[in-house]
Structure formats: structure tokens, C-alpha cells
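Here the structure is laid out as C-alpha cells; the discussion comes afterwards.
Only heavy atoms go into these numbers, but all of them, side chains included; no hydrogens, no water, no symmetry mates.
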Amino acid sequence: MIATIERLVVECPTDANVWSLLGTAHEEAGNAPKALEVYQRAVREDPENADRYLDYTRLLIDLDRYDESEQFIRAGLGHVQDAYALNMRLGSTLMLKGEYSAARAEFSKAINSHPELALGYVAIAQAYLHERMEDEAAKELAHARAAVPADYMVEYYYGLALGRAGQQQEAAAALQRAVGLDPKSAEAHYELGKIELALERMEAARDEFERVISLDPQHANAHYQLTRIYTRIGDTETANRMASLTKQLKQAQREQGFAAQRARLARFEPVETHP
């Protein structure tokens, strides 16, 4: 595959699409340094295309190289006409660095250029939630609900923010709208189940957690919540079964996490960036 694309590169040395394809091939082959080098070439051949910067910085972020990603995006902002995607990527990079106020500023720039898109509002809310500023997150999403068409992510994070702010009834309503917009979202059903449990609506909570497991049988936290519910209602046999499954799933998650960390470390190798 790589050899075939390299022949195309020789034939079309200024075609950024071919360079981007070659970068993807190297990435899929596990050669991150080479993929980064090739993605940089795609940027040089097509510096006004935001997608070229997104390919390169996505891989940098995957490698936890946030400072390099930030530097490269800021350089790209001077070349790209519609900066929405790069403002969003820069905000996301700053979020990963823990610079939440700066991240919100970049997301706000993205919203100013495309106020009809929901993602910027959701990103600002996420930044607030990272700082436990639930009321501010809820206000941002309330604004988004009036500014954009009905959107699953807006309702989902609105429910999260309201729940963390102690507004359980309103949170339940928002999460019900979220599952209405995306009935197959295990996480929306899970968060709704937690709210129903907090409201002492045991049957409704159990139904939501059972729905989570039907959508995602490996969802350890849903099994844990069902363990709590069945313990409270006196169904010891089912509670013990759920507890055993929870333990198995948590152990599997830990092992998968260690494997992912090892894989990411194996991919790391510095490379100079030249926008």
C-alpha cells in the first residue's frame, strides 16, 4: 500500500491529497514519525486548507505533544480563510493543557464565525465543567438551545450541567430529550439513570441502566449501579451477579488502559515542526 502511494507521490509531487493519503498509510502502519513528516509536506503543498493542519495536529495530540500542536495551529491561523476548524482544534488543545479560560476564548471565536453550529457551545460548556463551573455551563447551553436546532450533544451536556448544579428535575428533562434525539446513546441513558436514582425513582433508574447494558454489555458502571439498586430492593442473587460482572469488567478496563498506554509510548518520537 505504502509503496503504491509513494509511486503516486513521485508522479504528483505537489498534490496534497496524495501526501495526506501517504501520511494516513504510515500512521496505520504504526510509523508515527514518518506520518508526521508526510502530513507536514501536505501542509506545505496546501497551506490554505484547514484539513491539512487537522491531520497533523490530531496525531500530535494522540502523542500528547500539545505544545507542538498549539504552535502549529497558531501558525496555520495566518493561512486559512475560514478558521472555524482551527479555532476549535486550538481550543481543544488548550483544554488538554488545562488552560480552560484560553480554550473558551478560542471556542468563542469559532462560534462567532459559525453561530449556527452546536459544537462550539458544547465545547465551552465542557471547559466550564472541567473547572466545576456548572451554572456557567448550563447558561451557555441554554443559550445554545435557543441558537441552534435540536441537538443531542447540547441536551446531553445541558443535562450533565444541570445535574451537577443540583437541578435534578431539569436535568432529567434535558437527558430525556437527549435520549429522544439519540436513543442508542448508552452514556445518555446512563446519566439519565443516575438522575432517576437521585430522584428515588428506582424503577425508572433500573430501566435506564438495563438499557445501557443492552446497548453496551461491557459498561461496568451500569452494572455497578444495578448492583446498588438490586441490593436496595432486596434481590441479593441478582445483586451478587451484577457485582461479579462489575469486578470482571473493571479489571478488563484496567488491562485495556495499560495496553493503550504502552502502545502510545511506543509511537512517541520527537519530530521538528515547520508549518
Side-chain angles (χ1 to χ4, degrees), residues 1-80 82-98 103 106 110 119 123 126 153 184 186-187 215-220 249-275:
M1 177 69 173
I2 290 175
T4 300
I5 303 172
E6 285 177 336
R7 286 195 292 271
L8 287 175
V9 164
V10 173
E11 296 173 8
C12 309
T14 62
D15 190 328
N17 289 325
V18 177
W19 285 105
S20 181
L21 185 62
L22 181 58
T24 300
H26 281 297
E27 188 175 353
E28 290 179 351
N31 191 343
K34 187 63 177 179
L36 288 169
E37 177 186 325
V38 173
Y39 284 144
Q40 281 194 42
R41 178 61 182 267
V43 172
R44 290 198 296 273
E45 297 298 340
D46 190 13
E48 296 181 2
N49 189 332
D51 289 340
R52 311 305 178 197
Y53 299 90
L54 296 179
D55 286 338
Y56 183 75
T57 56
R58 173 190 49 74
L59 184 50
L60 285 175
I61 289 171
D62 286 346
L63 295 168
D64 297 335
R65 292 160 61 174
Y66 306 135
D67 288 340
E68 293 171 71
S69 176
E70 178 186 352
Q71 176 187 1
F72 204 80
I73 298 165
R74 290 191 185 280
L77 286 169
H79 299 284
V80 174
D82 185 346
Y84 176 85
L86 293 191
N87 286 134
M88 290 298 299
R89 176 58 56 82
L90 180 54
S92 298
T93 302
L94 292 167
M95 280 261 287
L96 290 167
K97 294 176 65 176
E106 294 303 323
L119 186 58
Q126 289 176 316
M153 292 293 285
K184 294 185 178 180
E187 285 308 311
L215 292 166
D216 180 7
Q218 307 303 309
H219 200 296
L249 292 169
K250 288 288 188 183
Q251 180 61 33
Q253 286 179 352
R254 283 193 290 271
E255 292 173 357
Q256 290 171 2
F258 291 142
Q261 286 180 342
R262 287 193 294 270
R264 293 183 74 183
L265 286 172
R267 298 171 66 197
F268 180 83
E269 185 174 327
V271 64
E272 293 183 4
T273 59
H274 301 289

What's the spacing between Glu70 CD and Lys97 NZ if we round to 0.5 Å? 3.5 Å
Steps toward side chain to side chain contact (heavy atoms under 4.5 Å, CB included) verdict (Ile73, Tyr53): CA-CA 7 Å; Ile73 298 165; Tyr53 299 90; 5.7 Å; no
Could you tell me if the side chain of Leu77 sits less than 4.5 Å from the side chain of Leu90, heavy atoms only? yes
Residues Arg41, Glu37: salt bridge by 4.0 Å N-O rule: no
Heavy atoms, side chains only, cut-off 4.5 Å: are Leu119 and Met153 in contact? no
Here the gap from Asp67 atom CG to Leu96 atom CG, rounded to the nearest 0.5 Å, amounts to 11.5 Å
Would you indicate whether Glu48, at its atom CD, is surrounded by more than 12 heavy atoms from other residues, nucleotides or ligands within a distance under 6.0 Å? no
Side chains of Val9 and Asp15: closer than 4.5 Å at any heavy-atom pair? no
Could you check whether any side-chain N or O of Trp19 sits under 3.5 Å from a backbone N or O of Thr14, counting only pairs where one atom can act as donor and the other as acceptor? no
Expected output: side-chain Thr93 to main-chain Arg89 donor-acceptor under 3.5 Å: yes
Which atom pair, heavy atoms only, marks the closest approach of His79 to Pro47? CB-O, 3.2 Å
Contact summary for Ala220 and Gln253, nearest pair of heavy atoms: CB-NE2, 3.7 Å
Closest heavy-atom pair and its distance - Leu63, Ala32: CD1-CB, 4.1 Å
Go through it in stages, so that I can follow the logic: the residues are Arg7 and Ile2, the test is side chain to side chain contact (heavy atoms under 4.5 Å, CB included), and I'd like the CA-CA distance, side-chain angles, deciding distance and then a yes or no. CA-CA 9 Å; Arg7 286 195 292 271; Ile2 290 175; over 6 Å; no
Taking all atoms of both residues into account, what is the closest heavy-atom pair of Ala16 and Ala42, and its distance? CB-O, 3.7 Å
Can you check whether His26 reaches Tyr39 side chain to side chain, under 4.5 Å on heavy atoms? no
So how far is it from Asn87 CG to Ser92 OG, rounded to the nearest 0.5 Å? 10.5 Å
Pairwise distance CD(Gln40) to CG(Asp55) - rounded to 0.5 angstrom: 12.5 Å
The reported gap from CZ in Arg65 to OG1 in Thr57 (rounded to nearest 0.5 angstrom) is 12.0 Å
Quick one: closest heavy-atom pair of Asp82 and Val80, and the distance? O-CG1, 3.2 Å
Quick one: are His219 and Leu249 in side-chain contact, heavy atoms under 4.5 Å? no
Separation of Asn17 CG from Asp46 CG (nearest 0.5 Å): 7.5 Å
Which heavy atom of Asp216 sits nearest a heavy atom of Ala186, and at what distance? CB-CB, 4.1 Å
